[in-house]
Amino acid sequence: MLKRTHMCGTLRSEDQGREVVVCGWVNTYRDHSSGLVFIDLRDREGLVQVVFDADDSEASAMEVGRALRREDVVAISGTVRARAGGANPKLATGEIEVLARSVELLAKTEPPPILPDDHEADRISEENRLKHRYIDLRRPRMQSILRTRSQVTKLARDYFMDHGFLEIETPLLIKTTPEGARDFIVPARLHPGMWYALPQSPQLFKQILMVAGCDRYIQICKCLRDEDPRADRQAEFTQIDLEMSFVDRDDVIEMMSGFARRLWKELLDVEIGEIPTMTYAEAMERYGIDRPDTRYGLELQDISELCGRTDFRVFKDALAGEHGCVKAIRVPGAAERFSRKVTDGYTEFVRDFGAGGAPTTKLTANGFETGVAKFLEPIADELIAELGLEVGDAVVFASDTRTIATRALGELRQKIAQDLDLIPEGCWNFVWVIDFPMFERDEEKGRWVALHHPFTSPNPDQFDILESDPGGCLSAGYDLVLNGSEIGGGSIRIHDQSVQETVFKLLGLTQADAEMKFGFLLSALRHGAPPHGGIAFGLDRLVMHLVGTDNIRDVIAFPKTQSGGDLMTDAPGPVDEEQLVETHVRSTAEPPA
């Protein structure tokens, strides 16, 4: 076989006169009756035009060249020369071409079910592209994404190695532990009736590594959660996972801010500067969500006191209830675009988040008009001043309990921004969100649940109220948010065994339950655990942002569908009865028809 000397997309004008061998797939084919055959040859680095000339190429090469078709695999030896007919500015190799001397057909393809063409990709169903992923991945766009992903993992390793981290692998077959999602479980053949779980994260193991004295740990690891996939989540995903000893929250935030700055600078040549910090309470109050998108305004404002002086029954009923409030969003210049159809749609939208509706109004030169305008007359001037309204603005309200009104309006805020094209392009708005509540109350079960996970420590000034006021206790957790997307989350961990037992007790775990589920961690904490904390960055989400896609399947080489299937391999699939017998498992599912 001809041995490759150059990648197709790397040849340039300075290579003219050089004898080269290029290998790849036939991207396009053009046969001119004048004795010339042109192909564009493609590999992962790009395209180069190859010319078969009856006057200069070997006769056997011309014969093979005329028989080539798209996606055939070839090796071609020839001479680099200036591109006849002028340069093609659309190609990086557009100033040159390769005059073929000889050619070796390495693989003849059957007619491909899809073509690896970025321009045609949107016309091909995602289902078809995933079924033939080996062809879809040949697309220049997909090759670029895979390259970026590889660069991210290399930069991560380089950055953390430079800061004294050890890369350590943790096991994939572990004991099942509750971490908020369903475990994938694996039958243990050698232990009948017993099961392994696949890790939802390396959380407990990285804490054990800190107890073991490893000091700084890093791993680019697979995590598996048996939950419904969505656009930015897969059941199988990858984390950049790390842990550090003898640190506080600021140390972890500083380390990870530096990592984010390095990534964006080296991959996009963007300086993101210092990353601001925002408390959870402020994020919820201003944006209605704990992962605020700060690229645009539309901030929530509490106008409960003003609205309490209106006769609007919806407002008054909400304020009469426990924790009732009224919040509003000013939407600049939106009066013309807030048709009845639009506002009715917003009412339906917020109902999915527990709110009864989303009353609206518009400010005109004659005052408030449409919607709830007539109820606002007693407070019109004060409301205009409070919200900073100008003629042509629209206002959207939500009234309910503070939790429901805030969440509903926060979600609607994002929809309005998308609908009105208010989200600026090319912005990278990072923010650290801190001071999360330690717990949330599960009213149905009558107990507290951990907002992050049960190993998160209270803030240093909160230990005194951990037991007396769990609902008011703030944690040492932190999330890194980018453009409204959580790309990393972590916390300072509990390193005191007695504090960990207290948290388990608050979460409704008996001592026996805690020992059964987390006994190895509790044992480790009894034997000299240093203060420690860590974080996990979602590698897939990082790459999504860097390459500009909102579909996680674009950045994973072999992703699953929304239903968790692999269309290329037809997984999941049945197994032989013998395998079930060997692993002491019996299926209760009905076989497919």
Side-chain angles (χ1 to χ4, degrees), residues 1-11 20-54 56-78 80-81 83-85 87-147 554 557-558 567-568:
M1 187 184 86
L2 293 170
K3 295 295 183 180
R4 180 171 62 187
T5 62
H6 294 76
M7 302 290 281
C8 296
T10 63
L11 295 172
V20 299
V21 175
V22 288
C23 302
W25 288 260
V26 176
N27 194 66
T28 58
Y29 166 87
R30 305 178 300 282
D31 188 351
H32 292 207
S33 57
S34 58
L36 295 174
V37 172
F38 295 88
I39 67 168
D40 285 338
L41 193 64
R42 183 192 70 245
D43 61 19
R44 76 174 195 192
E45 298 299 323
L47 300 172
V48 66
Q49 178 170 282
V50 177
V51 184
F52 295 85
D53 188 331
D56 295 303
S57 301
E58 296 176 2
S60 59
M62 284 299 302
E63 183 179 354
V64 174
R66 283 205 163 95
L68 292 176
R69 293 298 180 266
R70 295 192 69 168
E71 301 311 305
D72 287 344
V73 185
V74 294
I76 296 171
S77 67
V80 181
R81 70 181 189 184
R83 188 180 178 108
N88 179 355
K90 295 181 180 179
L91 289 179
T93 59
E95 294 183 349
I96 56 91
E97 61 189 13
V98 174
L99 176 62
R101 302 295 185 191
S102 61
V103 59
E104 187 174 346
L105 178 62
L106 302 175
K108 186 70 179 175
T109 185
E110 296 179 2
I114 64 172
L115 289 172
D117 188 329
D118 286 333
H119 300 294
E120 298 294 325
D122 290 341
R123 302 179 188 177
I124 304 171
S125 69
E126 185 179 50
E127 181 181 59
N128 210 10
R129 288 193 287 111
L130 291 179
K131 183 173 180 63
H132 304 285
R133 190 64 162 178
Y134 43 85
I135 298 178
D136 188 50
L137 286 175
R138 296 176 192 171
R139 285 193 290 126
R141 167 70 170 162
M142 298 306 298
Q143 289 290 316
S144 175
I145 289 174
L146 293 179
R147 182 182 296 107
D554 287 344
F558 302 104
L567 298 180
M568 187 182 75

With R139 as reference, evaluate D117, D118, D122, D554 under the salt bridge (Lys or Arg N to Asp or Glu O under 4.0 Å) test and give the passing residue.
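Of all the options given, the one that passes is D118.
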Enter the distance from [X]:[atom1] to [Y]:[atom2] here, rounded to the nearest 0.5 Å.
X    : Y    : atom1 : atom2 : value
M7   : D43  : CE    : CG    : 4.0 Å
L130 : S125 : CG    : OG    : 8.5 Å
L146 : R141 : CG    : CZ    : 11.0 Å

Of all residues at least two apart in sequence or in a different chain, which pass the side chain to side chain donor-acceptor pair (under 3.5 Å) check with [X]?
X   : answer
D53 : none
R81 : E97
D40 : T28

Return each pair, listed once, that meets ring pair (Phe, Tyr, Trp, His ring centres under 6.0 Å) where at least one residue sits in residues 27-52; pairs must be two or more places apart or across chains.
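For residues 27-52: H32-F38.
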K3 and V21, any side-chain heavy atoms less than 4.5 Å apart
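No; the side chains remain at least 4.5 Å from each other.
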Residue pair V74 / V64, side-chain heavy-atom distance below 4.5 Å:
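V74 vs V64: side chains apart.
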Heavy-atom closest contact ([X] atom, [Y] atom, distance):
X    : Y    : answer
I135 : P113 : CD1-CD, 3.8 Å
C23  : C8   : O-SG, 3.6 Å
I124 : I114 : CG2-CG2, 3.8 Å

Return a table of donor-acceptor pairs under 3.5 angstrom between the side chains of residues 87-96 and protein atoms on other chains or two or more places apart.
residue, atom, partner, partner atom, Å
N88, OD1, K90, N, 3.0
T93, OG1, L47, O, 2.6
E95, OE1, S13, OG, 3.3

Which atom pairs, one a donor and one an acceptor, fall under 3.5 Å between side chains of residues 98-106 and the rest of the protein, sequence neighbours left out?
residue, atom, partner, partner atom, Å
R101, NH1, D56, O, 3.3
S102, OG, S77, OG, 2.5
E104, OE1, L2, N, 3.0

Inter- and intrachain pairs under salt bridge (charged side-chain N to carboxylate O under 4.0 Å, His left out), touching residues 62-71, at least two apart:
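Matches after skipping sequence neighbours: D31-R66, R42-E71, E71-R138.
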What residues form a salt bridge (Lys or Arg N to Asp or Glu O under 4.0 Å) with [X], not counting sequence neighbours?
X    : result
R147 : E45
R133 : D136
E120 : R123

Pairwise side-chain hydrogen bond (donor to acceptor under 3.5 Å, both in side chains) hits with a residue in residues 105-116, at least two apart
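Applying side-chain hydrogen bond (donor to acceptor under 3.5 Å, both in side chains) to every pair that reaches into residues 105-116, excluding sequence neighbours, yields D72-K108.
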